[in-house]
Each structure stands twice: as structure tokens, then as C-alpha cells.
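What follows is a set of notes on a single structure, which appears directly below.
Protein chains get the first letters and strands the later ones, always in sequence-line order, with residue 1 at the start of each. Keep in mind that what you see is a predicted model, and the values were worked out from it rather than measured.
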Amino acid sequence: MHDIRAIRENPAAFDAALSRRGDAPLSAELLAMDEARRAKIGAAEAAQAEANKAAKEVGAAKGRGDEAEFERLRALVSEKKAEISALNDEAKAQDAALTERLAVIPNLPADDVPMGADENDNEEISTWGTPREFDFKPVEHFEIAGVKPSMDFETAAKISGSRFVLMSGAVARVHRALAQFMLDIHTLENGLTEVNPPVLVRDDAMYGTDKLPKFAEDSYQTTEGMWLISTSEIPLTYIAANHVIDESYLPRRYTAHSLCFRSEAGSAGRDTSGMLRQHQFEKVEMVSVTHPNESDAEQKRMLRCAEDLLERLEIPYRTVLLCTGDMGFGARRTFDIEAWLPGQNAYREISSVSTTGEFQARRMNARFKPADGGKPQFVHTLNGSGLAVGRCLIAVLENGQQEDGSVTLPKALHGYMGGKTTINADGSLS
RNA sequence: GGACAGGUGGCCGAGUGGUCGAAGGCGCACGCCUGGAAAGUGUGUAGGCGGGAGACCGUCUCCAGGGUUCGAAUCCCUGUCUGUCCGCCA
């Protein structure tokens with residue numbers, strides 16, 4: 001959500017930032033709405049002030065025994081009442097219209113975000129590791145002999161349809177190990193607070209984290225009207241909603257391992273084989289709530305937390321800074337981490353680390369009281385995957401695959417596998 | 001699903017028609033006290049919106065929306081959320 005006062009102060013900067021994102025200028029439209037709104041508010045308040053004054057004098061007139069004046073003022077007050085109520089209704093309508101309009105305008109990119117149209121314009125900022133040299137042709141995760149017995153798409157389709165997977169045995173175990181590993185690093189080493197949040201949320205939480213009203217079709221909704229979260233960013237961030245916290249409580253850092261649900265409307269035909277893109281998947285999420293001055297440093301910190309996991313899992317990756325055209329609706333700056341998938345011979349997104357600035361905080365009214373005693377200000381909120389568990393599983397399997405169809409698991413996971421180090425070609429663990 | 005009880009400031013909590021933006025406490029800020037701190041003590045401390053260069057002014061807000069009344073935190077209606085008990089289920 002944008003601050004209309006900021007737009008009022010510098011409409012050119014607002015439009016320029018929108019245009020960097022490839023969007024048409026909007027300030028003229030917004031300012032016209034704002035002006036109409038303020039005029040109505042002014043009129044309503046002036047009428048109210050007049051009525052309030054007269055109402056006060058009613059009592060005084062009565063006290064003096066001035067019946068004529070008393071009656072005159074009473075009549076004046078009740079006459080004003082209708083006028084005020086009409087003006088108030090109009091002012092409210094104008095205000096609601098402006099808010100509704102603002103709610104569907106994306107966040108503005110930070111100045112250091114490169115301009116571009118799509119993912120081809122993203123800026124690679126670092127790489128880690130060297131893709132392994134295979135002396136055979138590496139296959140995709142679902143084609144690995146040792147994986148096949150415990151990664152079952154047919155049965156999942158029977159149960160739930162396309163874009164679901166039924167994991168069992170060795171693969172289910174590695175998947176679980178990965179989530180545990182990530183949570184342990186975040187809580188024991190990175191200082192994040194573990195949270196186990198609800199995955200069904202209300203409208204307010206969706207709206208506050210900018211998933212509504214614009215992207216309703218991307219999420220699943222229950223018959224009771226609740227939403228299945230598309231990411232635990234939603235409940236974790238919404239913890240801060242409607243609060244004014246002391247500055248000393250910042251930053252707040254959370255992590256959660258949760259199920260995530262996405263309808264994947266609009267991605268028909270994309271990534272249809274394997275478990276890269278599913279309606280239901282698991283993700284370990286990181287969310288930080290910070291002082292506005294700290295959010296940029298916090299984003300780098302989060303990025304390192306995510307990258308570190310891949311390094312420990314020995315998975316080559318590259319980190320890119322998304323260009324203006326590739327960023328999500330609520331983001332001000334986003335780094336994507338892309339893991340190397342030998343089976344696809346490509347880097348694929350495994351984490352996305354974004355700062356929203358005060359964009360979400362304004363929507364959900366999340367503020368902090370400055371230590372110097374000033375007015376409450378909006379916090380900054382950040383979110384990042386650390387990491388997408390299913391995709392991480394794919395990376396581990398593809399990078400560890402052997403010519404005989406077995407998979408060598410990274411050392412970091414051995415402790416989470418009861419000492420097992422390998423998925424054998426027959427699907428067993430040893 | 002049934003029956004009750006509630007929703008007040010950053011937090012807790014008093015307040016059943018006017019003198020209430022709201023007692024008291026906690027927290028926080030500043031001062032006093034102290035060698036320093038703690039304790040103690042004094043003072044201050046809600047937010048949104050609109051106007052103004054600013055001091056400041058206006059307006060709204062005691063869950064939300066309606067209603068009663070000259071006047072509503074307080075009474076009535078509806079909605080919503082929370083809690084408790086019963087039932088059902090895990």
C-alpha cells in the first residue's frame with residue numbers, strides 16, 4: 001500500500017518508479033481522487049465544527065432562560081445533522097475508493113534494482129560452487145532409478161490430480177531430513193525463532209501481506225471463506241499486524257516449516273514433469289520485521305542464511321538480483337537464489353528473498369514506537385525462503401546422482417538420516 | 001451445533017446517559033535522589049484524518065455498522081471477533 005501523502009509530495013518520482021516497473025503513470029488519477037476526498041473531508045469537518053459549537057451553546061442558552069435562542073440553536077443543530085451525515089458518507093466513499101485503488105498498485109522498486117522486462121534482465125551478483133562434471137548423462141530427479149520407487153506421481157494423481165506427488169520411503173525420509181536440517185540451522189545458528197503457524201488464514205492476513213485483493217485466483221479458499229496459505233510468509237508477517245511495538249523489540253526474526261498451497265493458475269504446461277511445481281509443497285520460510293534503517297542489511301543477512309544452506313548441502317547456485325519487471329507485486333527488492341539442477345542443465349529458483357519496505361506494514365498497520373519517543377512509524381517486513389524443501393530435494397537428488405542410479409547424499413544430511421548416506425539404485429537406503 | 005459472557009489507550013484495567021479522550025496500574029521518557037545503579041520520588045506520555053512554514057487549530061476514534069437521545073464508552077439492533085460451558089469429533 002502506498003502513502004498518498006508521499007505521492008502528493010512527489011508525484012513525478014512516483015510515476016518514474018512505476019515506469020521503471022513498466023507501468024503507466026498513475027499520480028494524476030490518484031491525486032484527483034485524493035483532492036476530491038480531502039475537499040469532502042474538509043466540508044464535513046467544517047459543518048461538524050459549526051454544529052458542535054451550536055450544540056455547546058444550547059446548554060448555555062437554556063441556562064440563561066433564553067428560550068428563543070435555545071429553540072433556534074436546537075433547530076440549527078438538527079438541521080446541520082442531515083448535512084453532516086451526507087457529507088460524511090461522501091467523504092467515506094471517496095476515502096474507500098482511494099484506498100481500493102491504492103491496494104492494487106504494486107510496490108515501487110528500490111533505486112538499486114536494475115531496470116528490465118523479465119527474467120532475462122536479472123542481474124547475476126554471485127555464484128557458488130562448480131557444477132559437477134558427469135561422465136554420464138545426468139537425468140532429472142524423477143528419472144533416477146533409486147528415486148523412482150518412492151516418488152509416485154501416478155498414485156498422487158489418482159488421489160488428488162495433477163501437480164501432486166506421493167513420496168514414500170527413502171525420498172520421504174530425505175525430504176523430512178532437509179526440513180529438519182534447515183530449521184536447525186536457522187534456530188540454532190541464525191538466531192531465528194521457530195514458529196509453527198496456522199496454514200488456514202483469514203482475509204485480513206491475506207490482504208495485509210498483499211495476496212489480496214489482486215491475487216485471489218492464485219490461492220485456495222475453503223467453503224467457509226478461509227485461505228490456504230501460499231507461503232508461511234503470510235502468518236509469520238501478520239504476527240506484527242495491528243501492533244505498535246517498542247523499537248527495542250526489533251528486529252523480530254521468525255522461521256517456520258509449513259505446507260504451502262498454490263493453485264498455479266496461469267502456469268498450465270509449465271514444469272509439468274517432476275515435483276518442481278506442485279499445488280502443495282513444503283517450505284522453510286524466514287520472516288524479519290525490522291526498523292526501516294535496518295531492512296537493507298537484514299535482507300543481505302537473510303540472503304546469506306539461505307545461501308549458506310545450499311553451501312552446506314554442496315549444491316552449486318547463483319544469486320540474482322531481480323530486475324524491475326520480474327519482481328513480485330509487494331517487493332521493493334528481491335534476490336533469487338537458483339540451484340544448479342544437472343538433470344535440467346539449468347539453474348532453477350530455490351529461494352526468493354524480498355524486502356517489502358513498509359508496503360505490507362502499511363496494509364496491516366504494523367508499527368513501532370521509536371526509542372526517542374517520536375510518533376509510531378511503520379516497520380519494514382522481509383521474507384525469504386530458506387529454503388523451498390521440495391525443490392531442495394530435487395537439487396540434492398540430481399546433484400548426488402550416480403551412474404548406477406543411486407544417489408549420494410550430502411554429509412550435512414547424514415545426521416538427519418540416521419547415519420544413512422546413500423539411496424541405492426533399488427530405492428533402499430544404506 | 002446449542003447456551004452464556006465479553007471486545008476500552010503501547011499493555012493491563014476502571015468506568016451503565018452529560019463534568020470522559022477516558023480513573024488507576026504497568027511500560028516508556030525526562031528530572032530529583034545516589035559515588036554509580038537499583039529502590040524511592042516528581043512530571044510527562046493515545047492514535048487516525050484535515051488545515052498550517054510553524055507554535056498550533058479543527059475533526060474523528062472506547063471492535064464495526066446502524067438506531068434511541070438535546071447529549072452515548074455507557075441504552076437498543078445487526079455484524080464480527082474472543083472466551084467459557086454443553087454436545088459432537090479428533
Any strand, both distances under 3.5 Å, Watson-Crick or G-U wobble: rC20(B) pairs with none

What's the gap between rU16(B) and rC11(B) when it is taken at their P atoms, as a whole Å value?
23 Å

Could you tell me how far rC63(B) sits from rG15(B) if I compare only their P atoms? Round to whole Å.
15 Å

Query raised in the report: Contact class for R362(A) vs. all strands (heavy atom < 4.0 Å): base, sugar-phosphate, or nothing?
Result: nothing

Between CG of N242(A) and C1' of rC81(B) the distance, given in whole Å, is 12 Å

Any strand, both distances under 3.5 Å, Watson-Crick or G-U wobble: rA55(B) pairs with none

Between K369(A) and rC28(B), does any side-chain N or O lie under 4.0 Å from OP1 or OP2?
no

Rounded to whole angstrom, note down the C1' distance from rU74(B) over to rG18(B).
11 Å

Between CG of D34(A) and C1' of rG50(B) the distance, given in whole Å, is 11 Å

Exercise. Quote, to the nearest angstrom, the C1' distance that separates rU41(B) from rC20(B).
Key: 29 Å

Rounded to whole Å, CG of D204(A) lies from C1' of rG79(B) at a distance of 14 Å

Applying the 3.5 Å cut-off to both distances, the Watson-Crick or G-U partner of rG27(B) turns out to be rU45(B)

Requested in this report: Between rA72(B) and rG21(B), how far apart are the C1' atoms? Round to whole Å, please.
Outcome: 14 Å

Side chain proximity check, L387(A) to V389(A), heavy atoms < 4.5 angstrom: no

Taken in chain and number order and not counting sequence neighbours, the residues that satisfy side chain to side chain donor-acceptor pair (under 3.5 Å) with D308(A) are R312(A)

Mate of rA14(B) across any strand shown (Watson-Crick or G-U wobble, both atom pairs under 3.5 Å) is none

By ring-ring contact (aromatic ring centres under 6.0 Å, His included), F14(A) pairs with (sequence neighbours left out) H2(A)

Heavy-atom nearest pair, R277(A) first then R163(A), reads O-NH1, 3.2 Å

* Asked: Donor-acceptor pair, E358(A) side chain versus R362(A) backbone, under 3.5 Å?
  -> no

Paired to rU74(B) by Watson-Crick or G-U wobble criteria (both distances under 3.5 Å) is none

- Query: Taking the same atom, C1', in rA14(B) and in rC62(B), what whole-Å distance lies between them?
  - Reply: 12 Å

Rounded to whole Å, CE of M33(A) lies from C1' of rG50(B) at a distance of 18 Å

Atom NZ of K375(A) and atom C1' of rG48(B) are separated, to the nearest Å, by 9 Å

Applying the 3.5 Å cut-off to both distances, the Watson-Crick or G-U partner of rC33(B) turns out to be none

Separation of rG27(B) atom P from Y249(A) atom OH, nearest Å, is 11 Å

How far does the C1' atom of rC76(B) sit from the matching atom of rG17(B), given to the nearest Å? 13 Å

Between CD of Q377(A) and P of rG47(B) the distance, given in whole Å, is 12 Å

Practice task
For R262(A) and S230(A), indicate whether the former's side chain and the latter's backbone hold a donor-acceptor pair under 3.5 Å.
Solution key: yes

R38(A) side chain near rC49(B) phosphate (N/O to OP1/OP2, under 4.0 Å): no

**Prompt:** How far does the C1' atom of rG58(B) sit from the matching atom of rC81(B), given to the nearest Å?
**Reply:** 33 Å

With a 4.0 Å cut-off, would you call D296(A) and R333(A) a salt bridge?
yes

- Query: Does R37(A) make a side-chain N or O approach to OP1 or OP2 of rG50(B) shorter than 4.0 Å?
  - Reply: yes

In 5'-to-3' order, the base (B), backbone-only (S) or no-contact (-) status of each nucleotide in nucleotides 55-68 of chain B, using a 4.0 angstrom heavy-atom cut-off, is ---BSS--------

Between H243(A) and G42(A), the residue closer to the 5' end of RNA chain B by nearest nucleotide is H243(A)

Using Watson-Crick geometry (N1-N3 plus N6-O4 or O6-N4) or G-U wobble (N1-O2, O6-N3), each under 3.5 Å, rC85(B) is paired with rG2(B)

Check your understanding: Does R5(A) have a side-chain nitrogen or oxygen under 4.0 Å from the phosphate oxygens OP1 or OP2 of rC49(B)?
Key -> yes

Rounded to whole Å, the CG-P distance (D3(A) to rG50(B)) equals 9 Å

Note: for A371(A) and P376(A) on RNA chain B, the residue whose nearest nucleotide lies more 5' is A371(A)

*Does a side chain donor of either Q377(A) or R367(A) reach within less than 3.5 Å of an acceptor in the other side chain?*
no

Exactly one of T231(A), D336(A), N383(A) clears side chain to side chain donor-acceptor pair (under 3.5 Å) with S352(A), and that residue is D336(A)

